[in-house]
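Note that this is a predicted model, so its numbers are computed, not measured. Order of listing sets the numbers, starting from 1, for every ligand and every atom in it.
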Amino acid sequence: MVELRTDVLVLGAGMVGVGAALHLQKRGRDVILIDRNNQAGEGTSYGNAGIIEAASVFPYMFPRDFAPLLQYALNRHPSVRYRLADLPEFLPWLARYYLASSPERALHSAMAELPLIRRSLIEHEELMAEAKVLPDLLRRTGWLKFYRTDATLATAVRDFERAKQYGVAGDVLDAKGIIAREPNLTGDFAGAVYFPAPGFVPDPGGLAKAYAALFGRRGGRFLVGDARTLEQYGNRWRISTGEGSVTAREVVVAMGPWSDQVFRPLGYSIPLNVKRGYHYHLKANGNAVLNGPVLDADQGFVLAPMNRGVRITTGVEFANRDRPPSPVQVEQALPRARALFPLGEPVDAKPWMGARPCLPDMLPVIGKAPRHPGLWFDFGHQHHGLTLGPATGRLLAEMMTGETPFADPSPFAVERFG
Ligand SMILES: Cc1cc2nc3c(=O)[nH]c(=O)nc-3n(C[C@H](O)[C@H](O)[C@H](O)COP(=O)(O)OP(=O)(O)OC[C@H]3O[C@@H](n4cnc5c(N)ncnc54)[C@H](O)[C@@H]3O)c2cc1C
């Protein structure tokens with residue numbers, strides 16, 4: 001078989017890999033995108049809540065207040081569960097996450113990521129226009145986060161007041177205001193914060209596929225292959241694919257929660273971990289309409305009006321990435337979601353499970369691998385990979401092609417882990 005040659009191999013065709021591939025291609029690089037699946041957007045990027053979180057300033061921090069901590073420890077908080085048998089594996093990572101969530105360090109992470117967040121929707125809108133998927137795959141619904149107790153609402157309003165300093169717009173709503181936005185919701189609401197800026201994608205996997213199709217129309221190639229076959233080959237990199245081996249001068253690791261399959265054998269001990277999460281679709285009953293995504297903060301789930309049905313997405317499960325699914329949070333959320341919104345027949349046979357790729361300091365790893373010429377990292381986008389895929393793709397491509405990066409890349413360097 002003939003050996004294919006290219007400039008750059010991008011490993012992983014989720015939102016992050018596709019975003020990087022498109023931006024490299026725009027800068028004149030010949031790129032081959034590789035995935036173990038025969039289509040883009042079949043991993044974590046398929047199953048998220050579809051929110052382009054353009055109003056998110058502060059990352060998802062480890063709580064430091066006693067009441068939620070106790071609930072987490074007792075496995076009683078609906079937003080977070082952990083698998084007891086996996087806890088020893090997670091504890092050192094959780095300790096680092098806890099330390100990185102101190103007010104000063106969390107602010108540092110938030111400020112590092114803010115330029116990317118601010119760029120997120122702009123980048124998506126540009127790519128969506130080029131991929132000709134507007135308006136079908138972007139709804140400007142904003143995001144409604146509601147609270148059932150005065151205490152949780154007060155915390156949310158305080159956080160919103162802080163976020164306002166960084167340009168985040170929003171409205172605090174009372175129960176009437178919630179019903180005015182979402183007339184089909186029922187419940188006892190203390191109030192909500194409504195953020196108008198976030199975009200909503202009703203088919204996140206479809207969006208990754210549309211971006212991959214754009215990449216293909218512009219001459220990019222997509223091949224099925226296993227990234228674990230990657231090896232150094234002189235001053236190039238080589239990988240086996242369904243169409244034979246491919247070599248490239250440079251390679252980008254963008255395999256989200258599976259990125260360790262490449263960096264670990266190469267000797268990097270990067271503290272990548274996962275926060276698993278689930279979704280499940282149901283039909284809306286009768287004429288009931290959900291206008292946009294809503295977070296039931298105290299009950300720990302999001303309802304989102306996807307093309308496939310109303311998608312319930314859960315909070316976080318700390319468990320080993322490769323353990324079989326344990327969708328307890330879906331089971332807990334289902335009756336609560338039915339009480340909140342008129343839901344009918346299930347659409348899915350069983351819940352889908354995904355794994356948010358996370359670093360303890362809540363920032364992705366983007367940049368050069370220090371010990372391997374031509375190796376680049378772009379993974380660990382935690383709760384914001386749909387949001388940030390195209391923006392971080394731009395940042396990485398600017399670094400790889402010697403352009404001035406639009407944001408300071410130093411906080412994302414892998415060297416921060418020693
Ligand atoms: C329940 C849930 C809700 C979420 N909601 C949101 C949201 O509303 N907004 C938001 O911005 N983010 C959200 N996220 C986070 C977001 O989905 C992730 O951060 C994002 O999908 C990560 O993208 P990725 O491209 O890095 O990884 P992935 O999409 O997982 O892509 C990695 C790719 O690597 C491929 N791969 C793996 N191993 C190999 C191998 N050996 N060889 C070749 N290919 C391989 C996989 O097949 C996959 O296609 C949510 C996540 C979850 C779980």
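- Polar contact check, G354 against ligand 1: no nitrogen or oxygen pair lies under 3.5 Å apart.
- Considering backbone and side-chain N/O atoms, V16 comes within less than 3.5 Å of an N/O atom of ligand 1.
- The shortest N or O to N or O distance between Q382 and ligand 1 is below 3.5 Å.
- A ring-centre distance under 6.0 Å is not found for W237 and Y233.
- Listed by first and then second residue, the salt bridge (Lys or Arg N to Asp or Glu O under 4.0 Å) pairs involving residues 28-46 are D30-R221, E42-K209 (not counting sequence neighbours).
- Ring centers of H372 and F377: at least 6.0 Å apart, outside the cut-off.
- The shortest separation from a heavy atom of A208 to ligand 1 is not under 4.0 Å, leaving the residue out of contact.
- For D226, the closest heavy-atom approach to ligand 1 falls below 4.0 Å.
- Residues satisfying the salt bridge (charged side-chain N to carboxylate O under 4.0 Å, His left out) test with D408, not counting sequence neighbours, are none.
- Checked by distance only, ligand 1 and L388 stay at 3.5 Å or farther apart across all their nitrogen or oxygen atoms.
- With ring centers used as reference points, Y278 lies 6.0 Å or more from Y280.
- Looking at ligand 1, you won't find any N or O of T314 less than 3.5 Å from one of its N or O atoms.
- In terms of protein heavy atoms, atom 52 (C) of ligand 1 is closest to R356 NE, 3.6 Å.
- In this structure, R181 and L144 approach most closely via the heavy-atom pair CD-CD1, 4.3 Å.
- Contact annotation: for E42 versus ligand 1, there are no heavy atoms closer than 4.0 Å.
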